[in-house]
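Taking it in order: structure first as structure tokens, then the write-up.
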Amino acid sequence: MREMGLSRRQQLELEDIYAGLEKAYSQVADELQFSCRGCPDNCCDSYFLHHSYVEWIYLWHGLSELPSRQQQELRQRADCYLSECGRAAERGERPQVMCPLNESGLCLVYQHRLLVCRTHGVPARMRRPDGQVLHFPGCFRCQEIVAARNGGVPEVDRTALLSRLARLERDLRQQHRLEVPRLRLTIAEMLLQGPPRSLL
Ligand code: SF4
Ligand code: SF4
């Protein structure tokens, strides 16, 4: 099994999607005068599953730049993370465990962090293929700002950018003839499993 990679075109497309999301995020954050500065919380302990090989590969672009000793430490942290998540699940709770890639409040792979890490915070909307529009209110601090505000609520429209990501993922899956079901992995699992591998 060989390690899956992104072509230059695929990588540029992913980076352009991320840049588009960050630009849209900044516009809404500026309009709401919102930032994470001074927040007592750290969203890197939120439990998220991730669904794309494209992002898994790109995350590993960042991880592989870290010294091998640090990668080893991160694997140990990822193990602890999954054990804690398992204990929370046994108690019937949604896990709230700090991401193994967070070091003293900062992301060790900031340039390579995943889409969810780049979008949480400000209000957003997304139109599903069936036409239904989903609204995301943003984090608790942003919701407080919105509640105290007169007038409309600006939102990041994720629809076009997420469609591009879905197309990119579809291309990659076709290229590697991946017929497995949709991924459902935490960052810790992506770390422990190493970069994704193709059967081709
Ligand atoms: S997104 Fe919101 S809750 Fe999370 S760190 Fe930023 S301000 Fe705090
Ligand atoms: S990858 Fe980075 S930004 Fe995302 S949850 Fe982990 S530490 Fe936070």
Side-chain angles (χ1 to χ4, degrees), residues 6 14-15 17-19 21-67 70-85 88 94-126 135-149 153-156 158 161-162 165 183-196:
L6 299 178
L14 180 61
E15 288 170 350
I17 292 168
Y18 284 157
L21 272 171
E22 282 170 16
K23 186 170 170 208
Y25 184 104
S26 296
Q27 281 166 351
V28 170
D30 288 350
E31 198 173 331
L32 291 172
Q33 296 181 302
F34 164 81
S35 93
C36 293
R37 209 165 301 122
C39 179
D41 203 351
N42 187 320
C43 290
C44 298
D45 66 4
S46 306
Y47 184 77
F48 286 114
L49 292 169
H50 305 272
H51 305 291
S52 80
Y53 281 92
V54 173
E55 287 205 286
W56 183 1
I57 294 168
Y58 193 67
L59 176 71
W60 262 99
H61 286 195
L63 284 167
S64 56
E65 287 169 4
L66 300 174
Q70 191 172 20
Q71 288 183 36
Q72 186 53 39
E73 285 168 15
L74 292 177
R75 276 192 273 274
Q76 286 165 6
R77 278 198 221 167
D79 262 333
C80 296
Y81 174 95
L82 291 177
S83 301
E84 282 194 53
C85 288
R94 186 177 173 86
Q96 193 173 11
V97 187
M98 186 52 72
C99 173
L101 300 181
N102 187 296
E103 180 115 331
S104 308
L106 298 176
C107 179
L108 288 170
V109 290
Y110 190 77
Q111 298 301 331
H112 297 266
R113 70 199 191 286
L114 304 185
L115 184 124
V116 171
C117 312
R118 297 168 194 259
T119 50
H120 186 66
V122 301
R125 69 170 171 273
M126 186 188 76
H135 293 273
F136 306 92
C139 72
F140 79 97
R141 270 182 100 211
C142 201
Q143 287 181 48
E144 286 169 8
I145 292 173
V146 167
R149 182 184 148 95
V153 181
E155 291 176 316
V156 170
R158 298 177 182 168
L161 292 161
L162 292 186
L165 182 64
L183 280 182
R184 291 173 56 79
L185 292 179
T186 59
I187 286 173
E189 288 165 321
M190 290 179 168
L191 210 166
L192 285 171
Q193 290 186 27

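Nothing here was measured: the structure is a model prediction, and the numbers come from that model. As the structure lists them, so they are numbered: ligands from 1, and atoms in each ligand from 1. We're numbering straight along the sequence, starting at 1.
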Within ligand 2, which atoms have a heavy atom of [X] less than 4.0 Å away?
X: N102; value: 7 (S)
X: I187; value: 1 (S), 6 (Fe)
X: C117; value: 1 (S), 3 (S), 4 (Fe), 5 (S)

So, 2.8 Å as the limit: is an N/O/S atom of C99 located closer than that to atom 6 (Fe) of ligand 2? yes
As an exercise, state the distance from CG of L108 to CZ of R77, rounded to the nearest 0.5 Å. 6.0 Å
Verdict with reasoning, V116 to H50, per side-chain contact (heavy atoms from CB on, under 4.5 Å): CA-CA 8 Å; V116 171; H50 305 272; 4.1 Å; yes
Ligand-residue contact atoms, ligand 1 with [X], heavy atoms, under 4.0 Å:
X: F34; answer: 2 (Fe), 7 (S)
X: G121; answer: 1 (S)
X: F140; answer: 3 (S)

Sub-3.5 Å donor-acceptor pair from the side chain of R141 to the main-chain atoms of S35, do we have one? yes
Would you find a donor on one side and an acceptor on the other, under 3.5 Å apart, between the side chain of Y25 and the backbone of H120? yes
Looking only at protein heavy atoms, which one is nearest to [atom], and how far off is it?
atom: atom 2 (Fe) of ligand 1; result: C139 SG, 2.3 Å
atom: atom 8 (Fe) of ligand 1; result: C39 SG, 2.3 Å
atom: atom 6 (Fe) of ligand 1; result: C36 SG, 2.4 Å
atom: atom 7 (S) of ligand 1; result: R141 NH1, 3.4 Å
atom: atom 3 (S) of ligand 1; result: C43 SG, 3.4 Å

Sub-4.5 Å side-chain heavy-atom contact between [X] and [Y]:
X: L82; Y: L192; value: yes
X: L59; Y: L101; value: yes
X: V97; Y: Y47; value: no
X: D45; Y: M98; value: yes

Out of curiosity, is L114 lining ligand 2, as in a heavy atom under 4.0 Å away? no
